[in-house]
Amino acid sequence: MESLLFWFFAIVAVAGSIMVIAQRRAIYSALSLIIVLCSFAGFFFLLGASFVAAMQVIVYAGAIMILFVFIIWLLGLRTGEEPAIKMKWFYLAIVFCLLIGAQLFYIFVTNFKEVVLERSTDIKEISKVLLGKYVIPFELTSILFLAALVGAFYLAKGKGKAEK
Amino acid sequence: MELYYYLIVSLIVFIIGMIGFFIRRNLITLLMCVELMLNAANLALMVFGTKWGWIEAQAIVLLVMTVAAAEVAVGLALMIVVYKHYSHLFIDQMTKLKG
Amino acid sequence: MLDFTQLNASILPEIILVLAAIVILLIEGFQKKLNKYCSLIALIAVVGLIYYLISIWNSNLKGFYAGVVLDNFALFASLIYLLSAALIILSAVHFLDIKKIESGEFYALLLIAVAAMIFISSANDMITIFISLEIFSICLYVLVGYDRNSVRGVEGAIKYFILGAFSAGILLYGIVLIYGAVGSTNLEALSKIQGLEMSQKILLYFGAGLVLVGLGFKISLVPFHMWTPDAYEGAPTVITAFMAAATKTAAFSVLIRIFVINLPSHEISLEWILWILAIVTMTVGNFIALSQENIKRMLAYSSIAHAGYITVGLVGASGNREAGNVMYYLIVYAMMNIGAFLVIAHLERGKDFLSALHYKGLAYKNTFLALALSWFLLCLAGLPPTSGFLAKYYVFLAAVEKGYTILVIIAVLNSALAAYYYLRIIVFMWMHGKEEGKALVKGEETWSLISMTAIVIALLLTLQLSFMPSRFLQLALSF
Amino acid sequence: MWGLAGLIIIFPLLGLLINLFIGNRLSRKWIGVIACGSVALSCLATIVFAVLFHFNYPAEGSIEANWYQWIVSGSFVVDFGFRIDWLSLVMALTVSFVGFLIHVYSVGYMWEDPGYRRYFIYLNLFMMMMLMLVMANNLGLLFVGWEGVGLCSYLLIGFWFEKHSASEAGKKAFIVNRIGDFGFLLGMLLIYREFGSLNFNVIEANMGEHVASQIILGIALLLFCGAAGKSAQFPLHVWLPDAMEGPTPVSALIHAATMVTAGVYMVSRMGFLYEQSPYALMIVTGIGLFTAFFAATMAVVNKDFKRVLAYSTISQLGYMFAACGAGAYVAAIFHLITHAFFKALLFMGSGSVMHALGGELNIEKMGGVKEKMKWTALTFVIASLAISGIIPFAGFWSKDAILAAVWHKYGPVIWIIGIVTAILTAFYIFRLVFEVFYSERRVEEKTWDHAHESPPAMIRPMMILALFSIIIGFVGLPFKRFNLIERALATVLPVAHGTEVSVANEIILMIIVLAGALFSIYLAFTFYMKKRNYLDTLLASFKKIHHVLINKYFVDEIYHKIIIAPLWYVSDKFLYKIIDVFMIDGSVDGIAHISRGTGKYLRKIQSGNTRSYAFAIVIGMLLIFIYYFWKIHKG
């Protein structure tokens with residue numbers, strides 16, 4: 001069952017990712033991305049991290065994707081479809097990316113064989129780590145959000161008489 | 001179910017995210033590609049976490065999610081400003097600065 | 001649970017900075033009348049912290065489960081950020097005023113960025129490093145595009161943002177791989193682990209490679225540098241100065257902490273990669289700078305070249321865990337670069353005042369500014385007896401002592417080449433007639449005591465670094 | 001007390017600062033007074049210190065006066081300190097004295113120039129840097145002065161930047177000098193690595209420790225590379241003739257008397273190091289003598305007044321290096337001093353003539369200038385006699401010392417090159433004398449009417465220099481007892497032992513040199529005075545040998561046909577056109593051109609397209625990955 005679910009999520013995730021970058025309209029990409037993110041939540045669930053899986057759905061598929069869709073609605077739809085892609089020598093770039101992937105693939109396959117599963121999803125434990133060992137990064141995220149809030153607010157608030 | 005299958009899925013998604021940078025031109029889509037990359041990293045982290053410290057890995061994943069959220073917020077706000085100037089979001093056509 | 005015994009003063013500087021930022025934001029939001037005091041608050045916070053940091057020298061504060069280490073190394077790096085920030089705040093008052101840009105969020109974001117940078121150099125954990133890196137990057141994305149009406153600024157910001165996000169993804173993947181290899185994100189724990197298996201080592205190698213790419217992006221090593229000139233040109237000049245000085249220092253301090261201080265025990269043999277990166281970086285930077293007309297772009301390429309020289313120092317430092325000369329180079333570089341940019345910012349009135357040709361005859365118009373800019377450029381060119389020369393001599397010496405003679409030969413040749421484009425500006429300023437100088441007057445004279453003060457302070461600091469460097473050297477070498 | 005020696009450097013700095021900050025409120029007269037006065041004060045200070053040094057002579061022969069520790073970090077210490085010994089004092093004295101005279105001359109020469117104040121600011125800055133160079137007690141501080149004088153030279157060559165050729169010349173000087181400095185800097189790095197200090201005393205003390213001879217050779221050659229750049233030795237000599245685009249007093253001060261001799265000074269200063277490496281010495285002599293000969297042949301054919309003098313400077317510097325290579329550092333410094341006087345005088349003479357003839361530089365359009373400029377002509381002839389090595393003028397003694405040293409170290413074959421060069425020197429310099437001052441007049445009438453003797457501010461310094469050109473040689477008479485300069489400098493510089501010259505040999509050598517010089521003056525006289533069109537007919541008749549044979553100057557003709565005419569062809573067609581212009585000049589310009597070209601090409605990669613930026617990142621990433629992959633599989 002687990003393996004079946006894995007394969008299902010894997011196929012959905014990979015196909016979804018390909019859809020994200022294959023679509024010309026941003027809104028389709030966004031919808032594909034939601035599917036990918038959900039299947040990632042599925043992975044987390046399969047691995048036994050049900051809390052993270054829930055957060056994945058809430059934060060990503062919920063909050064972040066809403067932002068995306070909102071912006072696309074605001075701007076993207078009006079800009080319409082992306083013009084046909086002029087690839088020039090970017091084929092080479094894709095080849096290079098694939099080469100990097102191949103190298104990583106090789107080392108993963110040859111060097112990572114451990115199967116040690118220890119599954120506990122005690123939210124209490126997570127919070128202990130977050131407020132203990134990772135308290136600094138955890139607090140840092142609040143500064144991060146402060147910065148993002150101020151920045152996004154400043155950028156978007158302007159009346160913006162655009163100079164062309 | 002071999003664990004490194006997860007790793008390979010994560011790798012594939014990561015590489016697809018990178019490739020997205022070369023075949024997409026819409027800024028919004030590019031940002032989505034970054035999200036793919038960050039998610040791939042998250043998945044890999046979880047897999048490694050099964051070996052080294054399950055709870056820690058989950059905590060880190062949560063932190064990374066917040067980073068992604070903040071980045072998206074600022075990025076999208078920037079795109080609004082860009083749109084005011086260019087009336088489009090195609091990165092290829094923003095070449096005032098060069099040389 | 002939060003263990004209060006772990007609390008101590010090791011994050012006090014960051015707390016003060018963030019508090020100051022929040023106060024500024026509150027003023028900006030609710031008391032518009034007090035707007036003009038924003039810069040003052042920021043300045044007081046920064047200058048006060050400089051004193052505080054000097055007072056806690058050598059105290060080696062550790063806290064938060066060894067996640068934060070405020071050692072001398074971190075203090076020295078923090079000193080660079082704070083000095084840069086102080087100079088930039090001084091200059092920004094005038095700059096934002098003549099450019100008619102609103103100012104409140106500017107100082108808040110600047111302070112948050114500085115706080116994140118201090119976190120970055122005192123962090124002992126790769127996750128902390130990643131998040132702090134993101135914080136100051138986010139601040140800088142916004143600050144680069146701070147002039148929303150300038151299309152160039154916005155274009156620079158979006159390019160910086162999208163590539164920055166891309167590199168952040170790569171950096172995170174690298175951190176994950178390192179975690180996968182050794183099972184910890186704590187750097188100190190990382191350096192203590194012994195007897196790695198081959199498979200772990202391999203993961204570590206590739207993780208380190210990805211981390212290098214992510215950080216190389218921030219310090220603009222070639223070929224990860226290409227955003228640099230665009231973002232530097234687009235950004236408001238004071239922010240360019242801040243990016244050139246502080247961002248680079250922050251990323252280098254991470255690089256040093258990871259690769260020089262903590263990772264050498266694992267023989268990830270980074271020297272040869274850095275060797276090649278150093279050569280390519282300085283050569284490409286210098287060659288392109290040769291043919292630049294826009295002075296900001298020229299300095300952007302020159303900052304790329306300097307990243308190359310600093311990398312030479314890293315090559316020399318790798319293995320023996322002594323990065324004092326690199327830190328010295330960084331403070332020298334920060335001060336002279338900021339100085340040059342501040343003069344440019346002071347002179348900048350319209351967006352058309354950035355071509356090198358505009359500096360013709362400056363000496364006839366304003367001898368002091370011409371003198372100051374000449375001095376900063378000579379420093380950047382590395383002519384003795386300037387601090388630029390000293391710093392270069394130091395890092396090159398370290399590399400020669402380690403036996404990387406060819407690298408140093410190329411570096412010296414490069415710095416010989418580089419002097420050409422700096423001197424070109426000096427020649428423009430001093431060797432062109434009064435007519436061009438008069439053309440400078442055109443329109444309103446902008447004069448600001450505060451911004452002049454910033455230039456004078458930068459000048460004094462570089463003079464001290466040139467002629468009485470011992471104090472700074474000893475600070476830099478004390479870790 | 002010795003710390004006050006820093007005053008020698010401080011005075012020009014003061015003058016510079018005064019002129020920089022309040023100079024715009026001062027009249028021209030006062031600007032001149034401040035500039036000259038500050039140099040005069042440092043000259044006085046030098047004399048005072050020389051006297052004090054003489055009466056408080058320390059046992060170790062030198063005094064170190066450290067102001068403060070400039071750089072301290074661990075074991076690496078560089079002092080801001082001066083070294084007072086006979087070498088630095090003699091150098092400082094020469095520099096400040098000649099410098100003072102040229103400052104005074106400049107007041108007259110530059111009086112009308114709009115850049116008057118700027119000129120004196122640069123000139124004072126130069127004096128400060130040059131004095132720092134010679135007074136420094138370590139290589140670090142010496143390098144500060146070294147770069148400083150280079151910067152001033154660059155600024156002053158391009159002083160009349162409106163002229164395109166002037167700014168081009170400045171650029172060329174800059175590029176070539178950077179190549180030299182690159183060697184110097186690497187040499188310094190190696191010295192620190194091997195000897196653990198940059199202080200001359202410490203380096204010398206650590207010299208005895210076993211350092212591999214290849215490393216000594218490497219250091220010596222790298223330093224010599226720097227010296228060759230600064231002192232315009234082959235193949236880095238190309239910038240000096242072009243440097244004549246600057247104002248003439250600058251040519252006199254910087255490009256003849258002082259800055260260009262810095263290389264010789266540095267090699268002498270580091271003589272103890274060169275002595276350890278016979279190969280390095282051979283190379284120094286080889287390049288020195290080759291340059292001396294090579295530049296002399298150029299001087300024979302050039303038609304530009306100042307360029308002839310510039311080639312002559314290169315040639316004389318070659319002599320000095322030859323002396324260094326032969327271990328005769330004292331002779332090198334001695335020649336440096338005498339050369340400073342007479343070459344400065346020659347340049348001032350040329351400046352005076354230019355001043356009178358409205359900037360004319362082509363010697364074919366001069367002639368008979370003596371009628372209007374008696375004093376200039378007289379002083380110029382004195383300087384010419386001095387450089388030709390006619391007894392008892394200054395050049396005779398110093399050149400003789402060098403040739404004797406070369407003879408003893410490397411034997412007669414090498415020595416002959418020196419002699420030939422000496423003969424050529426006398427020839428080309430008297431060619432100038434006759435062409436400019438004595439032959440029939442070829443000046444356009446209009447300019448001739450305006451021609452006049454220069455103002456006293458220019459003539460008086462020339463007279464003083466002329467006086468010194470006559471007498472300065474007597475400080476170094478070739479007999480041990482009377483050789484003041486050797487007695488002084490032998491306390492500092494290494495002196496070769498066991499090569500003392502017997503009096504008879506010495507006299508024979510002297511006579512040969514003297515005879516050669518006199519003969520070539522006679523030749524110059526024949527060509528340019530007696531038979532002006534002689535050379536033309538000669539060259540024209542090169543194909544018609546029978547015509548030559550019936551000519552009544554048969555012996556001379558043979559001499560020409562065998563020696564002068566081929567030499568003429570070789571130097572004009574081959575050495576000048578091919579080696580100098582095509583190869584060396586071309587490669588210097590080529591470096592500049594290629595750099596800019598490459599830069600422009602690389603710029604295109606920065607296309608503004610963000611995707612290509614990301615592409616670059618991916619390329620870098622892939623390369624790093626490939627490196628690691630390769631490394632793992634290697635094991």
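Between chain A and the options F136(C), F119(C), Y141(C), heavy-atom pairs under 4.5 Å are most frequent for F119(C). The choice from L146(A), L140(A), I100(A) that makes the most heavy-atom pairs within less than 4.5 Å of chain C is L140(A).
Rounding to the nearest 0.5 Å places CD of E134(C) at 12.5 Å from OG1 of T141(A). Atom-to-atom distance recorded for I136(A):CD1 and I11(C):CD1 is 4.5 Å, nearest 0.5 angstrom. To the nearest 0.5 Å, atom CG of residue L144(A) and atom CD1 of residue I112(C) are 10.0 Å apart.
Here the closest non-hydrogen pair linking G151(A) and V142(C) is CA-CG2, 3.5 Å. Of all the heavy atoms in L109(C) and A147(A), the pair that sits closest is CD2-O, 4.0 Å.
Neither the backbone nor the side chain of N186(C) comes within contact range of chain A, judged by heavy atoms closer than 4.5 Å. At a 4.5 Å heavy-atom cutoff, E139(A) makes no contact with chain C through either its backbone or its side chain. No part of I129(C) comes within reach of chain A, as not one of its non-hydrogen atoms sits under 4.5 angstrom from that chain. Heavy-atom distances place the side chain of Y173(C), and not its backbone, under 4.5 Å from chain A. Of the atoms belonging to F138(A), not a single heavy atom falls under 4.5 Å from chain C. Residue I22(C) touches chain A through its side chain alone, counting heavy-atom pairs closer than 4.5 Å.
Between Y134(A) and T128(C), the closest side-chain pair of non-hydrogen atoms is not below 4.5 Å. Counting only heavy atoms from C-beta outward, the side chains of L143(C) and Y154(A) never approach each other to under 4.5 Å.
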Task: Stepwise side chain to side chain contact (heavy atoms under 4.5 Å, CB included) test for I138(C) and F145(A) - done: CA-CA 10 Å; I138(C) 280 176; F145(A) 278 126; over 6 Å; no
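Residue F45(A) places its CZ atom among 12 or fewer non-hydrogen atoms of other residues, nucleotides or ligands, all under 6.0 Å distant.
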